[in-house]
Amino acid sequence: MHSRMLLLALCVLILVPGLVVATGTQERAVEPTVAPIYPDSDDVILRQGLPAVRDRRVNLEFLTIQSGDGLRTMEQFVTEIFERHYPNITVDVQGIESGQLDDIVNTRLAAGSPVPVVQGGGYADRARWAEAGVLLDVSDLWDTYNLEAIIPDGIAGEMRVDGRYIATPYNSAVGSIMYYHLNNIRDAGVPEPPYETWDEFFAAAEQYVEATGQPFFVDGYAQPWFGMVKTGHFAAAYYGTEGFYRIANGQATANDFRDVLRFHRRLLDVGNPDYMSMDAIAGSVEAVARGDGAAAWAGGWGYPRFYNAGLELDAEWIMATLPRPAHGDLDGHVIIAASTGFLAFRNSGFEDEARALLMAPVLLESQMLIAPSLGFTPVRSDINVADLPEVGRYPISQRAVGWLETAGAVIDRNFNLMPPVIRSEMPPVFSAHFAGELSLDRAADELFQIQQENQAAYTTVWGQ
Amino acid sequence: MSKKLSEGASYAVLFIPWFILFFLFTFFIAGYNVFLSFTDWVGILPSFNFAGLDAWRRLFRMRGFLQTLGNVGLLYLVGLPGTVIAAIVLAVIMDMLRGLAAHIVRGVAVSTMALGGVTVSAFWGMMYNYRYGGINQMLRAIGLDALALEWLGRPQIVMYAVILMLFWTFLGYSSMVILGGLQGVPQTQIEAAQIEGAGTVRIYRSVLLPQVLGHVLMVSLLLSMFYLKAFDNVYVLTGGGPGWSSAVFPILVYRKMFGELDYAGGAAAATFLFVIVSVVAIPYLVYTRKIENERGGVV
């Protein structure tokens, strides 16, 4: 009897705190609304009819780099839209970390068991797979449905390699948003954002650090590949796009690398001491949303962090473009934007079903769900951004379109353009410099040397 | 004679299938890996050409190669002896304890091995967190703010943080192996030493510990192999970073293969790792075989 009571007490002691912790730490669920603003008859794709598939029940494996709210949106898109049109297909959605997409896809290819469909990856990845001949050519789908008439060329171009279409777009995201915690900035008595120029930004940052003893700009380098993306983009934003494209095309000088490092070092001087171990993708935004800092750079994924912190947009926090370049002759801001798409691999055994899934994200109803869910801009030009459901919490779509229209230049995520060997060899040099192990000159020289040793790997010319 | 043949045939029937599988999954795959290291395979498509020593040259010229060698050296100079010495001390303590205390300590000791590598690394990752980790919180609470460092972000100290995690992971198992040796020493020898007037310390130093030398050597060998092939722990904790500061050989293989899409280079790195493991393991096997022959029994 006593041992049974003891066992029961142990179970309660373990389960109850576990339940409390589990329920207490759940994020607020996102429920984007699919508003029937555009009926099916408005959709040129549905009017023609979706691609036919074989009459068989299929479990279709699908990898996506979406996580958190984005993954929930992807699952909602799959179950409410795609599987409604194709009841014989069940899509097995698996969310993976974006940095692992290459590894998983390539090992499956090497093993002769390709993943049928993936969402994610940069243009360089798509180009490499296309050159290896492992991607399904879906140019016929683009022709059949005349997708070029409804998808802007800036997005369509990212789905093309050597004139052939090898993907369909899922989202188009602005990745250069500076999030500012207004409460902290006002309390410190420094000029309020948005800052038009980097000089204004650094003036405010230095005042803030002096007044509070706390970091102004919070950033992270725990994921070096992502940190390198930001390094390049900040440098592009500061020095203009010429240097950026020299680096992307393997034609940079040691001075270009020196400029990149010097600029990022300036940001670190007004930044957080745990820069090297801070989560690069979401950790910095979370920290600022919590009040541990004043500014963080992120893409649309930063919005939910502030929303979940209970702060009021435009009153207690704001989002803005990066300050204008201090050099070069650009008139407007530099915007970093990128589109990801759905890709299908050959010889998966599910090519028909994969082609059907590739058409699903470009449906009107899909974009009306996907775009506002995390602040993406719609990939279809026949969607009026003002018609997007006001998920109220995510007004990024409307703002992002406005920024794109006034941008001085729009560039893709730099790191995704780099050859694999560069993406492997360069980040450790950046890490060593930011950690104080390598001097500015030595790091710049080493980056230049890596570039020169691997000239053969730069097979595409960007920015033309 | 026919009975012997029939017995031999029975053993062969039982042994051969296992041997075939063992050969395929160890020697053949290892050999194939060595072969791949002399090709130009990039992994996307299963086709390649012979490329001589190209992959090996790329490996040895790789920026992170020397750093990785240095990290492994640190593991062997600091981590391995530290773990073995601590395991001996813990085994002696567990041997001395009796009753409930003994059970509790032994249970805690083996529980570290029961947790998977990812779980352990996630736990230590939280402990090492600069802002909210338990280690820095504790240091700040007792006024040692200057020691609240960025454990996983500083190249100069991150490898020591990894070593501490691996030490914690393998200490329990190592101590249990040595404890088994201690408790296997015949009671009569201990009683004889007591009769001669030896105290506890002298008994341990002169009677018990010399007889567990074989167990200590075995633990050292096992730890050296665990440390050499520790991938999941290190990958989850630091990814081998910052840069190459905490990279070990399996991470070098992983980055070569899947980061750079240089499968041939990764195969070269894996072959190099195999050579290092052999350099460590073969002398031990030769030594134990020699002792067995001398003593006519188990070491």
Side-chain angles (χ1 to χ4, degrees), chain A residues 99-112 114 125 128-129 131-135 218 220-225 227 272-279 283 287 290 292 345 419-438 446 449-450 453-454 457, chain B residues 36 41-48 57-58 61-68 125-126 128-133 136 145 148-158 161 235-247 251-252 254-267:
Chain A
Q100 291 176 336
L101 179 68
D102 261 11
D103 303 347
I104 295 171
V105 168
N106 291 328
T107 49
R108 291 283 295 270
L109 284 168
D125 302 315
R128 192 159 25 90
W129 290 325
E131 280 160 16
V134 297
L135 289 176
V218 182
Y221 209 81
Q223 292 93 338
W225 67 271
N272 47 315
D274 59 340
Y275 172 74
M276 293 301 295
S277 59
M278 168 74 77
D279 182 310
R290 264 196 316 264
D292 294 334
F345 287 88
V421 64
I422 299 296
R423 285 152 62 176
S424 177
E425 292 275 276
M426 278 195 181
V429 179
F430 280 85
S431 292
H433 172 66
F434 294 141
E437 281 198 332
L438 270 185
E446 224 176 289
Q449 204 180 340
I450 292 170
E453 284 170 6
N454 294 284
Chain B
L36 284 177
W41 192 29
V42 296
I44 291 183
L45 294 174
S47 61
F48 42 78
R57 282 192 211 103
R58 281 197 304 279
R61 276 188 284 189
M62 193 178 178
R63 272 161 182 80
F65 183 74
L66 281 178
Q67 174 85 66
T68 304
M126 287 189 279
Y128 281 131
N129 184 281
Y130 175 80
R131 290 169 184 240
Y132 306 110
N136 282 357
D145 292 52
L149 304 172
E150 200 184 355
W151 302 101
L152 303 183
R154 286 208 192 173
Q156 301 88 344
I157 60 175
V158 64
Y235 187 80
V236 171
L237 186 68
T238 63
W244 292 96
S245 309
S246 63
I251 288 187
L252 178 76
Y254 181 85
R255 284 193 186 177
K256 253 316 191 176
M257 275 193 166
F258 306 118
E260 295 183 27
L261 291 184
D262 182 3
Y263 277 54

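From a predicted model like this one, the values you see are computed outputs, not experimental measurements. Throughout, a chain's letter reflects where its sequence line sits, starting with A, and its residues are numbered from 1.
- Counting heavy-atom pairs under 4.5 Å between each of A:L109, A:I450, A:D274, A:D102 and chain B puts A:D274 at the top.
- Atom CZ of A:R423 sits about 14.0 Å away from atom CZ of B:R255, to the nearest 0.5 Å.
- Only the backbone of A:Y275 has a heavy atom closer than 4.5 Å to any heavy atom of chain B.
- Considering only heavy atoms from C-beta on, A:M276 stays 4.5 Å or farther from B:V158 through its side chain.
- Only the side chain of B:Y132 comes within contact range of chain A, with heavy atoms under 4.5 Å apart.
- In terms of non-hydrogen atom pairs under 4.5 Å with chain A, the most contact-rich of B:G239, B:G64, B:P155, B:G240 is B:P155.
- With a 4.5 Å cut-off on non-hydrogen atoms, B:Y254 touches chain A through its side chain but not through its backbone.
- Annotation: maximal heavy-atom pairing with chain B below 4.5 Å, among A:N272, A:V421, A:T107, occurs at A:T107.
- Applying the salt bridge (charged side-chain N to carboxylate O under 4.0 Å, His left out) rule to B:R154 yields no partners; only residues at least two apart in sequence or on another chain are considered.
- Using a 4.5 Å cut-off between heavy atoms, B:Q156 touches chain A through backbone and side chain atoms alike.
- Note: B:R131 CZ to A:S277 OG = 9.0 Å, rounded to the nearest 0.5 Å.
- Only the side chain of B:W41 comes within less than 4.5 Å of a heavy atom in chain A; its backbone stays farther off.
- Atom CG of B:N129 is separated from atom CE of A:M278 by 8.0 Å, given to the nearest 0.5 angstrom.
- Chain B forms the most heavy-atom pairs under 4.5 Å with one residue out of A:P428, A:A457, A:A432, A:A222, and that residue is A:P428.
- Contact of the A:P273 side chain with the B:Y130 side chain is registered, since non-hydrogen atoms from C-beta on lie closer than 4.5 Å.
- In terms of heavy-atom pairs under 4.5 Å with chain B, the best-connected choice from A:A435, A:G112, A:A132 is A:A132.
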Margin query: If you apply the rule side-chain hydrogen bond (donor to acceptor under 3.5 Å, both in side chains), what do you find for B:Y263 with A:N106, and how did you get there?
Written below: CA-CA 10 Å; B:Y263 277 54; A:N106 291 328; 5.8 Å; no
